[in-house]
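Here is the structure we will look at.
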Amino acid sequence: MAAPAVEATAATALRSVILRARKAAERVGRDPERVRVVAVSKTKPVSLIRQIYDAGHRCFGENYVQEFIDKAPQLPEDIEWHFVGHLQSNKAKTLLAGVPNLAMVHGVDGEKVANHLDRAVSSLGRHPLKVLVQVNTSGEASKSGVEPSSVLELARHVNMHCPNLVFSGLMTIGMPDYTSTPENFRTLTNCRAEVCKALGMSEDQFELSMGMSGDFEQAIEMGSTNVRVGSTIFGPRDYSKKST
């Protein structure tokens, strides 16, 4: 269980992040209500997530399937859960069965995982699942995601061949030291323009998941609708508790 002082600090940090996100949107004339702060709670205890929930927040993200399905049933059903990690195809049904209130998967990086998610949604009889296609905008071999040149092909596959998925937008993870952040974000917005034009989608209704603790304000200024903020809210991670 998290100590009361840690919980109070996290609630205060959450309020600060939400205020900073609103101001970033307002600086560029965007509607702050179009920006979703996903509080990424990986490796954090249920008691700490509950404290953030009690402070009024409802949107949370997890990275690891086993940890996710262990924690989600212990928390209120009105949480809007986002899966923001790399999803292996063979864990798609486990994830969906374990988290009935999963709202969105941010990291669809190939047709295989899209197909597995589509079949899992169908077999479980749940409502269609929103998904984002992950784009490797930094060109790092260690990163998941399709190359920018292949985004349209995967987006089209999800849109046309996965009737139980709702293709909702794109996601990226920038360089870990944030040195190429503007270029990464610009690449994703360029991909958005290409996909929207080809699929006849409105950019105003298109989701972009980009920006984390170190660069979420810049991401919002460049068009992000989902910022994935973890350590700035919850404090440093304890990866000894990591489960896949």
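Heavy-atom basis, side chains included; hydrogens, waters and symmetry copies ignored. This chain uses plain numbering: 1 for the first residue, then up along the sequence.
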Closest non-hydrogen atom pair between [X] and [Y], with its separation:
{"X": "S144", "Y": "D109", "result": "CB-OD2, 3.5 Å"}
{"X": "P76", "Y": "N101", "result": "O-ND2, 3.9 Å"}
{"X": "E217", "Y": "A24", "result": "O-CB, 3.7 Å"}
{"X": "S224", "Y": "L208", "result": "OG-O, 3.3 Å"}
{"X": "H106", "Y": "N226", "result": "CE1-CB, 4.1 Å"}
{"X": "R30", "Y": "G223", "result": "NH1-C, 3.4 Å"}

Next item on the list: Evaluate the side chain to side chain contact (heavy atoms under 4.5 Å, CB included) criterion for residues R20 and V229: first the C-alpha distance (whole Å), next the side-chain angles of each, then the deciding distance (0.1 Å), finally the verdict.
Entry: CA-CA 12 Å; R20 288 167 61 190; V229 183; over 6 Å; no
Hey, could you give me the [atom1]/[atom2] distance between [X] and [Y], rounded to the nearest 0.5 Å?
{"X": "Q205", "Y": "S168", "atom1": "CD", "atom2": "OG", "value": "10.5 Å"}
{"X": "M171", "Y": "C191", "atom1": "CE", "atom2": "SG", "value": "14.0 Å"}
{"X": "F234", "Y": "I52", "atom1": "CZ", "atom2": "CD1", "value": "5.0 Å"}
{"X": "S16", "Y": "L14", "atom1": "OG", "atom2": "CG", "value": "9.0 Å"}
{"X": "L48", "Y": "Q51", "atom1": "CG", "atom2": "CD", "value": "7.5 Å"}
{"X": "E183", "Y": "N190", "atom1": "CD", "atom2": "CG", "value": "11.5 Å"}

Sub-3.5 Å donor-acceptor pair from the side chain of [X] to the main-chain atoms of [Y], do we have one?
{"X": "D215", "Y": "M212", "answer": "yes"}
{"X": "S231", "Y": "P236", "answer": "no"}
{"X": "K71", "Y": "S41", "answer": "yes"}
{"X": "R34", "Y": "D204", "answer": "yes"}
{"X": "E67", "Y": "N63", "answer": "no"}
{"X": "N159", "Y": "A155", "answer": "no"}

Is any side-chain heavy atom of [X] less than 4.5 Å from a side-chain heavy atom of [Y]?
{"X": "V195", "Y": "V133", "result": "no"}
{"X": "N90", "Y": "H116", "result": "no"}
{"X": "F83", "Y": "V99", "result": "no"}
{"X": "L188", "Y": "M222", "result": "no"}
{"X": "N136", "Y": "S138", "result": "yes"}
{"X": "R15", "Y": "L19", "result": "no"}
{"X": "M210", "Y": "T189", "result": "yes"}
{"X": "Q218", "Y": "P182", "result": "yes"}

Next item on the list: Among residues two or more places apart or on two chains, list those pairs meeting salt bridge (Lys or Arg N to Asp or Glu O under 4.0 Å) that have a residue in residues 141-152.
Entry: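 Non-adjacent pairs meeting salt bridge (Lys or Arg N to Asp or Glu O under 4.0 Å): E140-K143.
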Next item on the list: Only pairs at least two apart or in different chains count here, so list each salt bridge (Lys or Arg N to Asp or Glu O under 4.0 Å) that has a residue in residues 76-89.
Entry: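 Those involving residues 76-89 are R36-E80, R58-D78.
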Next item on the list: Look at the aromatic rings of W81 and F68 and report parallel, tilted or perpendicular, splitting at 30° and 60°.
Entry: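 W81 vs F68 ring planes: perpendicular.
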Check: Taking the inter-plane angle between the rings of H157 and H161 on a 0 to 90° scale, is it parallel (under 30°), tilted (30 to 60°) or perpendicular (over 60°)?
Finding: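 Because their plane-to-plane angle lies in the 30° to 60° range, the rings of H157 and H161 count as tilted.
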Check: Any salt bridge between E221 and R27, counting N to O under 4.0 Å?
Finding: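 Yes, E221 and R27 are salt-bridged.
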Do [X] and [Y] sit in the same hydrophobic cluster, where Ile, Leu, Val, Met, Phe, Trp and Tyr count as joined when their side-chain heavy atoms come under 4.5 Å apart?
{"X": "V146", "Y": "V113", "answer": "yes"}
{"X": "F60", "Y": "V84", "answer": "no"}
{"X": "V105", "Y": "V121", "answer": "yes"}
{"X": "F216", "Y": "V38", "answer": "no"}
{"X": "L87", "Y": "V108", "answer": "yes"}

Checklist line | Steps toward side chain to side chain contact (heavy atoms under 4.5 Å, CB included) verdict (L170, F206) | finding: CA-CA 8 Å; L170 304 174; F206 196 89; 3.7 Å; yes
Check: Does atom CD of E26 have more than 12 heavy-atom neighbours, drawn from other residues, nucleotides or ligands, at distances under 6.0 Å?
Finding: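 Above 12, so yes.
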Margin query: Testing L165, N115, V166, L132 one by one against V158 for a side chain to side chain contact (heavy atoms under 4.5 Å, CB included), which residue passes?
Written below: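 For V158, the side chain to side chain contact (heavy atoms under 4.5 Å, CB included) test succeeds with only one of L165, N115, V166, L132, which is L165.
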Next item on the list: Go through the structure and list residues passing ring pair (Phe, Tyr, Trp, His ring centres under 6.0 Å) with H86, not counting sequence neighbours.
Entry: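 By the ring pair (Phe, Tyr, Trp, His ring centres under 6.0 Å) rule, H86 matches no residue at all.
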Item checked: Test side chain to side chain contact (heavy atoms under 4.5 Å, CB included) applied to Q134 and I173, step by step -> CA-CA 8 Å; Q134 183 172 351; I173 301 172; 3.8 Å; yes
Checklist line | Verdict with reasoning, V227 to V17, per side chain to side chain contact (heavy atoms under 4.5 Å, CB included) | finding: CA-CA 10 Å; V227 289; V17 166; 5.9 Å; no
